[in-house]
Structure formats: C-alpha cells, structure tokens
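Just below is one structure, and these are the notes that go with it.
Throughout, a chain's letter reflects where its sequence line sits, starting with A, and its residues are numbered from 1.
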Protein chains: 2
Amino acid sequence: MTTESEYLLGLYIVEHRSAPPVSSGRLAAVLDRSPAATTEMLQRLETRGLVDYEPYEGATLTPSGRDRADGLHRSYVTLSWFFRAVLDLDAAEREAMRMAGIVSPSVTDRLAETLLTNGDPREVIESGPPDRGE
Amino acid sequence: MTTESEYLLGLYIVEHRSAPPVSSGRLAAVLDRSPAATTEMLQRLETRGLVDYEPYEGATLTPSGRDRADGLHRSYVTLSWFFRAVLDLDAAEREAMRMAGIVSPSVTDRLAETLLTNGDPREVIESGPPDRGE
DNA sequence: GTTTTATTTTAGGTTTGCCTAAATAGTCGT
DNA sequence: ACGACTATTTAGGCAAACCTAAAATAAAAC
C-alpha cells in the first residue's frame, strides 16, 4: 500500500500546482517512474475508487482519494518541516514524501503536536495548500 | 532492499539474544512471516554474501552482513529512543524497526546528533549491544 | 533402533509493481 | 484533411516477496 500512497500524494501535489486532471506523463515525471507504470497504477487506483481516470486525459482524485491524500500531505508537511527546521537537512523533501506513506499517523500526529508545542509553530500545518476549490 | 534490511536487523537482534545461528522459525516469528518465506530470504541473503546459511541449522551474519546490520541497529535505537523519549510513544518499537531500513542514514545521523546535543544524552548509542564476540 | 513429532525446506502459485517496445490516439501545422 | 510529432496506452515480461501444502529431515520418545 505504500506505493499507492506515493501516487496519491504526488497526485495531490500536482493537482495543486495546475488544475486536474493530472496526466500520466506529468505524474510519472514527479514520481520518477515510467509513464507506462503510471498509467497502470492510475487504472488500479480507479478500481479502488481513489481517482477518476479518463484515458488520454489523466486522473483526478475522488473525494475518498482526496481524503487519503490530504492525510498524507499533512504528514508530508510535518516531516518536511521537521527535517528542515529541526534536523537542519535540506533536500529531504523527497524523503519526506516517501516517508509520509510509510510512517504511521500516530507518529506524525505526535510529531506535529510536539513541534507546535515546543518549537516555532506557525506555518506548519498551513504551509501547503490544504484545499482549494473544484 | 527494504525487506532485506528487516531481515538483517532481525537477525542482528536475535543473534544478540541467543547465540547464532538463527533458525528460520525463530526469525520468522520475530518478523511475523512464514517460516517458508524466511528460509527463502535467508538463502537469498546468502547469495548476496550477507549471511552464512546452513540448511536445518540457521543463519549467521557475515562480517559484511554484520556491518549492514550494525548501521541498521544504530538507526533503530535512535528512532526508538526518539519515539519514546521525545514523542512519548510506546509500542513504536516495531515501527522503529521497519523505519530503520527505510530512512536514509543522513536523517538518523542528524537525529542522533540533535538528540545528543539538545536532549538527555546517555544511553542512546549504547543502549543496544553494539557487538559481542563470535 | 523404530516411530512419532516438530521443524525446515521445496514446490507451486499469486500479487504487486516496474520496465521496454510496439501500437494507438490526440494535436498541430500547413 | 493529412502527415508528422508527441503523449499515452497496451502487450509481454521480469523480479521480489509472500503464502499454503506437501515432502524431507532432524530430534525425541519409547
């Protein structure tokens, strides 16, 4: 299920940079996979009700997919922030993305809480686009 | 390569609880896999030079495998400590184990550094058995 | 020293995810 | 409207891990 998460998060991020649907090629580039593999996965995600997929057009997150992606994005932002602000690591963006799908919510939730309590709060949660109109 | 890591770390931990070699069944129980899957993996690890494997006996980490496992164990201890002492999560042992094989060393290294600098240092690095005679 | 029991291994099969190459569909210029 | 180009999809394959059931082996019990 962890690969699935990467696709969902990638989709989420791309959807917020330019309007959906997201083409296979675009997503493939972001995730560093072949377009063919990406198409295949998008089709799989559709059967799971997580995206709407239109051949030659691209994919759009369904409400259910967006839910999942939203949680992943929250984790991603938290991790990313932690890596940069606390561990002082740049270039850990990609790693944060990978990890968002792997770490259990209890960990990222607690991490976020801890950061907000002990650290500079502010743009932790709101640093990404948590939603935007259809 | 992440599954491989789990096996190496499991092997490392079991080797330090009772003397090697580690049987398939024992390792299977620790990693929550079927004995058959474990046997198969041990054979694969042998072809990669990471363990010595004796049928019906079990596996022993080679120097090269022990090197790898040692790094993983260091990460594991760091993560485990972080989860418990900073995030105040119990029962994250298993997650720490899983993550040790996934997080890049740069992250766990920096995490360890940061903990040692800012937190209660003490038994962070030395909390596990970092080595013991053959 | 057999037989029973427990463990380990092999056999056979499945799923997931990826890739390359070939086919197909859309798009744009003229 | 046609051809050329580009992007996407399908086809065919492969590798990694896992599982269950059956066979083999080792160890213990009698």
Going by side-chain contact (heavy atoms from CB on, under 4.5 Å), name the residues that satisfy it together with [X], two or more places apart in sequence or in a different chain.
X	value
Ser34(B)	Ala36(B), Ala37(B)
Arg68(A)	Glu4(A), Ser5(A), Leu8(A), Leu50(A)
Glu57(A)	Pro21(A), Glu54(A)
Arg44(A)	Glu40(A), Met41(A), Arg48(A)

Hey, can you pull the residues of residues 30-44 of chain B with a non-hydrogen atom under 4.0 angstrom from DNA chain D?
Arg33(B), Ser34(B), Ala36(B), Ala37(B), Glu40(B), Met41(B), Arg44(B)
What residues 47-55 of chain A contributes to the DNA chain D interface at heavy-atom separation below 4.0 Å is Tyr53(A), Pro55(A)
Rounded to whole Å, how long is the line connecting atom [atom1] of [X] with atom [atom2] of [N]?
X	N	atom1	atom2	answer
Glu6(A)	dG17(C)	CD	C1'	12 Å
Glu57(B)	dA24(D)	CD	P	20 Å
Leu45(B)	dC18(D)	CG	P	11 Å

Quick one: list whatever passes side chain to side chain donor-acceptor pair (under 3.5 Å) with Glu93(B), sequence neighbours left out.
Tyr76(B), Ser80(B), Arg84(B)
Set of residues satisfying side chain to side chain donor-acceptor pair (under 3.5 Å) with respect to Ser24(B), sequence neighbours excluded:
Thr39(B)
Residues that, via side-chain heavy atoms closer than 4.5 angstrom, fall in one hydrophobic cluster with Tyr56(B):
none
For nucleotides 1-7 of chain D, print each protein N/O atom paired with a nucleotide N/O atom at under 3.5 Å, atom names and distance only.
none

How would you list, by chain and number, every residue that makes a salt bridge (charged side-chain N to carboxylate O under 4.0 Å, His left out) with Arg33(A), sequence neighbours excluded?
none
Taking only residues two or more places apart in sequence, or in another chain, which ones meet Arg110(A) in a salt bridge (charged side-chain N to carboxylate O under 4.0 Å, His left out)?
Glu113(A)
Measure the CG-OG1 distance between Asp52(B) and Thr60(B) for me, rounded to the nearest 0.5 Å.
6.0 Å
